[in-house]
Amino acid sequence: MCGYGEHCWGWGHCAPNPMLLLLSLLSAAPFGLLGEETRQVSLEVIPGWLGTPQNLLHIRAVGTNSTLHYVWGSLGPPAVVLVATNTPHSTLSVNWSRLLSPEPDGGLMVLPKDSIQFSSALVFTRLLEFDSTNVSTTAAEPPGKPYPPYSLAEFSWNNITDSLDPATLSATFQGHPTRDLTRAFANGSLAFRVQAFSRSGRPAQPPRLLHTADTCQLEVALAGASPQGNRSLFGLEIATFGQGPDCPSMQEQHSIDDEYAPAVFQLDQLLWGSLLPGFVQWRPVAYSQKQGGRESALPCQASPLHSALAYPLPQSPIVRAFFGPQNNFCAFNLTFGASTGPGYWDQHYLSWSMLMGVGPPPMDALSPLVLGIMAVALGAPGLILLGGGLVLLLHHKQYSEYQSIN
């Protein structure tokens with residue numbers, strides 16, 4: 001049940017009191033901490049070594065006094081290494097012989113090393129599946145009986161050169177299980193579409209996250225795969241680094257504006273704290289149709305971040321190549337959908353989007369539509385009072401004037 005001054009919009013979520021958020025939203029700035037409104041962005045597929053698949057993508061976003069490096073790869077599970085430097089001249093160095101060895105430490109470097117201001121990584125470790133007929137409503141618990149998960153380290157991925165699109169600054173990793181004994185992916189695939197941006201803006205399709213030149217977007221799409229149950233819920237396990245003994249923080253940002261993602265008043269964030277902070281940002285919504293809309297929106301529930309020491313995670317060679325051996329991984333699960341539907345079972349399709357970048361996360365300012373509604377709502381009482389006062393004044397004047405007698 002929503003509290004006083006809140007509006008319920010389904011899935012158990014509430015929109016907060018508009019006046020409590022007005023000042024913070026009006027003051028939101030669309031540009032990142034690095035002060036770069038535009039960047040020169042290039043996408044490069046790093047050539048493989050001795051006939052290895054070309055599955056290492058380097059996005060280099062150069063500003064006036066800084067460079068962002070996003071290194072996406074599907075060696076092992078899909079992963080990304082994000083590095084921010086304080087020079088427009090930093091470069092990526094790849095040593096394939098080390099990268100493909102059992103100990104890939106030092107196989108991936110950004111030079112010069114002393115220019116690095118921020119670095120972190122995400123690893124997409126497992127595709128999860130649950131029985132939606134036995135669903136838990138608690139984020140800390142599995143959302144139902146789990147089916148055997150798919151380890152993304154055991155997927156076979158396409159040659160991303162074929163999907164590289166310089167016009168949209170995007171590329172797609174598309175894969176399926178190497179050993180698909182049940183033929184669940186005989187007509188299906190899991191895709192990771194990566195897109196960079198040279199300036200601020202919004203995509204045309206929901207959830208229309210506000211991006212800046214300091215961000216990169218990922219869209220994950222599951223299409224055509226046969227579920228293990230009639231009404232399966234799917235999820236994604238994501239791992240990242242902890243900060244010392246602690247995991248990064250997760251926050252929820254609430255808004256009174258749902259113009260860009262109808263019926264979604266919340267923004268979830270994972271924050272890496274450092275001198276130059278980094279973030280992952282997403283709306284708690286996924287879609288069961290390619291043309292995402294309100295009718296195909298699925299709730300997206302995130303579990304709390306927890307240390308991954310208790311169980312082994314699939315290892316990413318590119319993450320180890322850059323950071324060396326790590327034992328402070330933290331993980332969380334995202335679950336898409338609810339037993340009441342709509343769901344993946346409608347069209348055997350599911351998509352979810354996120355942003356990652358450096359600096360403070362982009363914040364939505366109030367849209368012109370909401371500003372207009374608020375102006376009308378706040379201005380109407382004043383106009384009514386003013387109009388009523390004028391009517392009373394004229395009425396009083398008419399009867400108080402001296403009437404001459406002829």
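Note that the coordinates shown come from a computational prediction; the quantities given were computed from them, not determined experimentally. One-based numbering along the sequence shown.
Ser316 is linked by a side-chain hydrogen bond (donor to acceptor under 3.5 Å, both in side chains) to nothing, counting only residues two or more places apart in sequence or in another chain. Asp105 meets the salt bridge (charged side-chain N to carboxylate O under 4.0 Å, His left out) test with Arg320; sequence neighbours excluded.
Side-chain N or O atoms of Gln315 include one that pairs as donor or acceptor with a backbone N or O of Leu313 at under 3.5 Å. With Asp180 contributing its side chain and Pro177 its backbone, the two residues share no donor-acceptor pair below 3.5 Å. A donor-acceptor pair under 3.5 Å is formed between the side chain of Arg202 and the backbone N or O of Arg208. For His211 (side chain) and Gly201 (main-chain N/O), a donor-acceptor pair under 3.5 Å exists by modelled atom type. Between the side chain of Thr240 and the main chain of Ala121, a donor-acceptor pair closer than 3.5 Å is present. With hydrogens and angles disregarded, no donor-acceptor distance shorter than 3.5 Å links the side chain of Tyr70 to the backbone of Val194. Under a 3.5 Å cut-off, the side chain of Arg60 and the backbone N or O of Ser90 do form a donor-acceptor pair. Under a 3.5 Å cut-off, the side chain of Asp268 and the backbone N or O of Trp282 do not form any donor-acceptor pair. Counting only distance, with no hydrogens or angles, the side chain of Gln281 and the backbone of Pro362 share a donor-acceptor pair below 3.5 Å.
For Trp157 and Phe155, the ring centers sit closer than 6.0 Å to each other. Centroid-to-centroid, the aromatic rings of Phe234 and Phe336 stay 6.0 Å apart or farther. Taking the six-membered ring for Trp, Phe185 and Tyr150 have ring centres closer than 6.0 Å. Aromatic ring centroids of Phe124 and Phe192 lie under 6.0 Å apart.
A donor atom on one side chain and an acceptor atom on the other are not found under 3.5 Å apart for Ser132 and Trp345. Judged purely by distance below 3.5 Å, without hydrogens or angles, the side chains of Thr125 and Glu237 pair a donor atom with an acceptor atom. A side-chain donor from one of Ser66 and Arg39 sits under 3.5 Å from a side-chain acceptor of the other. A side-chain donor from one of Gln174 and Ser189 sits under 3.5 Å from a side-chain acceptor of the other. Under the 3.5 Å distance criterion, with hydrogens and angles disregarded, no donor-acceptor pair is assigned to the side chains of Asp214 and Thr212. When only modelled atom types and interatomic distance are considered, Glu219 and Ser353 share no side-chain donor-acceptor pair under 3.5 Å. Gln205 and Gln291 are linked by a side-chain donor-acceptor pair at a separation below 3.5 angstrom, with hydrogens and angles left out of the test. Checking Ser163 against Asp165 by side-chain atom types alone, no donor-acceptor pair falls below 3.5 Å.
Using cut-offs of 30° and 60° for the angle between ring planes, the Phe323 and Phe241 rings count as perpendicular. Ring pair Trp272/Phe118 is tilted by interplanar angle, where 30° to 60° counts as tilted.
Residues Thr87 and Thr67 are not in side-chain contact: their nearest non-hydrogen atoms beyond the backbone lie 4.5 Å or more apart.
In summary, Asp131 and Arg231 do not engage in a salt bridge, as defined by a charged side-chain N under 4.0 Å from a carboxylate O.
From Leu350, atom CG reaches atom CG of Leu233 across 10.0 Å, with rounding to the nearest 0.5 Å.
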Exercise for the section: Mind running side chain to side chain donor-acceptor pair (under 3.5 Å) on Glu129 and Ser232 for me, showing each step along the way? Expected result: CA-CA 6 Å; Glu129 188 175 351; Ser232 288; 2.7 Å; yes
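Closest of all the heavy-atom pairs between Leu99 and Ala321 is CD1-CB, 3.5 Å.
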